[in-house]
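Encoded as structure tokens, the structure appears first; notes follow it.
By convention in this document, chain letters (A, B, ...) are assigned in the order of the sequence lines, proteins followed by strands, and residues within each chain are numbered from 1.
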Amino acid sequence: MENHLFIYNTLSRKKEAFKPLNPPFVGLYVCGPTLYSDVHIGNCRTFTSFDIIYRYLLHLGYKVRYVRNITDVGHLEDEVAGVGEDRIGKQARLKKLEPMEIVQRYAFGFREVMSLLNLLPPSIEPTASGHIPEQIEMTQKIIEQGFAYVKEGNVYFDVEKFAKANNYGILSGRALDDQLNNTRELEGQEEKKGRLDFALWKKAKPEHLMRWNSPWGEGFPGWHIECSAMSQKYLGETFDIHGGGMDLIPTHHTNEIAQSMGCCGAAPVRYWVHTNMLTLNGQKMSRSLGNVFLPVELFTGMKLAADSPSATPSQAKLDGKHPLFEKAYNPMVVRFFMMQTHYASTLDFSNEALQAAEKGFFRLMESYKTLEKLQASATSSANIKKIEEDCYAAMNDDFNTSILLAHLFECARIINSANDKKEALTQTDIELLKKIYRHFIIDVLGLKREEESGKSAGALNSVMHLLLDIRNKAKENKDYATSDQIRDHLAKSGIQVKDSKEGASWSIN
RNA sequence: GGUCCUGUGGCCGAGUGGCUAGGCUCAGCUCUGCAAAAGCUGCUACAGCGGUUCGAAUCCGCUCGGGACCUCCA
């Protein structure tokens, strides 16, 4: 199939035609979580956005190597100033656990949430702690190239020296002078030559738990070097797409570029893709602001108990209704909710918006069921081929899921109308619709149908068949008391009865 | 303070210089024993003020409002 995928590149601030370096292979790197606490739903939005990008690239036939790192070395609370406690070490001390136990717990929870949201696992999930030698080696190369200096067991990147021959602010669009003049005066910076310099390696204080040997003494790597080292190891010195939240642009990703250029002289990434933030009452959800809630709370509508041993959905202890949520929201509803907005726009969380998404999602998925029992006609009254083209056009335009959904709802309308005999579809068009739904709803958007599992589904089906049969007989006898009793009771149990000329059907809401 | 983004109908949310995005809500209609579901119809908006243009929500300027980054953060 012809593919005219365009991707918005932060580097050029334009949509660019996507041309992989070595087709059909595509290298994709996304900055993953730091495991000193549970991921919040804002983090999930970014990973979900990249899941769709990953899925669409796969759908187009690319052989994608998707690398998403796990940051599990103890970075400091104030990375720039080099002060504060190691975040993971702090949690370990507070909970009286080994740092790696902290990491393990949060990694487990993270993967469970990703799985509930139906994210495909990346090809490689490298940990920073598992790549200390690579980070040391890269740091050494940067020193050899003259872009880093050693000071009392610390290694710093020399930003001003680098900026003489390179555009340090190429990604953020910020001028070096502005950054030098507008950076806040910070404590504990006296070791650095320049105020923008950042650590490649930090000397560990005696109380620091996570530490490794290095040519510069015992210490731990700086925050940015792991992504440079690991992306280079698995994807090469230059690779196709690097993604992350847009809050990473000015510091983390800017420094990644500087490190890689300082090490090898080559720009590491061809397409930089950044997702926008999830907001709550218009304000960015972030750990530091404290306005976060957890996936398990959203999925259950309950509040995590203060003494819960974990926020991992399968292990969390819950305690009463969550003040923010009017109800529980299925992970697929949350996923659908996120897709209604383009990844580069902010997305504001609210019960109203989520409930609107829930209704839309159910309607779309119901139409999928209807599609499967649709009767073919001799002719078609709709142009399905055109809709399929529109779906590809939407995704090719920088992964515009919002537009894609508009086209899918057009399919839903046609399917429902055909079911009411107000539109006609040939068998060929029905098959094409099935293909569109499978490709875009299931494969690309990654929405799961809530199939009732195994045995109980069969039993329920059988019972429902019987009940609707009894109700139908009652209706034929004009015994509406009985028929309404069945319908109303089922409604209370969350099962909706839907009458039509062909008979009654049902769905669980 | 600096840099940048943004302001769309009751709500959420796309968007190209000229042609109905879509979802949800609400009202009416069709269908129906009643309802639900489904379909149809309607509510047709682009913060304000100027400017460019035959024509602007879409380009430019100013004003007002919201936000992000500059410090860890997806």
Among B:G23, B:G15, B:C34, the one nearest any side-chain atom of A:N400 is B:G15
Categorize A:R363 for me: base, sugar-phosphate, or nothing, with a 4.0 angstrom heavy-atom threshold over every strand shown. sugar-phosphate
Between A:F325 and A:F349, is the gap from one ring center to the other below 6.0 Å?
yes
- If you measure only the distance, is there a donor-acceptor pair under 3.5 Å linking the side chains of A:Y168 and A:N255? yes
**OP:** Respond yes when some side-chain nitrogen or oxygen of A:S505 is under 4.0 Å from OP1 or OP2 of B:A37, and no when none is.
**Re:** no
Using a cut-off of 4.0 Å on non-hydrogen atoms, how would the nucleic acid contact of A:S417 be classed: base, sugar-phosphate, or nothing? sugar-phosphate
Checking N1-N3 plus N6-O4 or O6-N4 for Watson-Crick, or N1-O2 and O6-N3 for wobble, each under 3.5 Å, the partner of B:C62 is B:G48
task: Write down the distance separating the C1' atoms in B:C19 and B:G10, rounded off to the nearest Å.
output: 27 Å
Quick one: the side chain of A:S402 and the base of B:A21, do they pair up donor-acceptor inside 3.5 Å?
yes
Integer angstrom distance from the P of B:C24 to that of B:A37
11 Å
- Query: Below 6.0 angstrom between ring centroids: does that apply to A:Y329 and A:F337?
  - Reply: no
**Message:** So A:L278, base contact, sugar-phosphate only, or nothing? Heavy-atom distance under 4.0 Å.
**Reply:** base
Paired to B:A68 by Watson-Crick or G-U wobble criteria (both distances under 3.5 Å) is B:U3
Closest of B:C72, B:G23, B:A74 to the A:Q340 side chain is B:G23
Donor on one side chain, acceptor on other, A:T34 and A:R87, under 3.5 Å: no
TODO: Give a yes/no verdict on a cation-pi contact between A:R68 and A:F50, requiring under 6.0 Å between NZ or CZ and the six-membered ring centre and an angle within 45° of the axis.
DONE: no
Partner of B:G22 under the Watson-Crick or G-U wobble criteria, both distances under 3.5 Å, comes out as B:C12
When rounded to whole Å, the CG to P distance for the pair A:N477 and B:G33 reads 15 Å
Sorted by position of nearest nucleotide on RNA chain B, 5' first, the leading residue of A:D348 and A:N416 is A:D348
Do A:D484 and B:G33 have a side chain to base donor-acceptor pair shorter than 3.5 Å?
-> yes
- Message: With a 4.0 Å cutoff (strictly under), does any side-chain N or O of A:K359 reach OP1 or OP2 of B:U25?
- Response: yes
By the Watson-Crick or G-U definition, both distances under 3.5 Å, B:G39 is matched with B:C29
Q. Contact class for A:Y480 vs. all strands (heavy atom < 4.0 Å): base, sugar-phosphate, or nothing?
A. base
| query | On a whole-Å scale, what distance lies between the P atoms belonging to B:C26 and B:G61? | reply | 43 Å
*For A:Q283, which contact category applies under a 4.0 Å heavy-atom criterion: base, sugar-phosphate, or nothing?*
sugar-phosphate
Of B:U25, B:A74, B:G2, the nucleotide closest to the side chain of A:R174 is B:G2
Using Watson-Crick geometry (N1-N3 plus N6-O4 or O6-N4) or G-U wobble (N1-O2, O6-N3), each under 3.5 Å, B:G55 is paired with none
Could you check whether A:V39 gets within reach of a base, just the sugar-phosphate, or nothing at all, counting any heavy atom under 4.0 Å? nothing
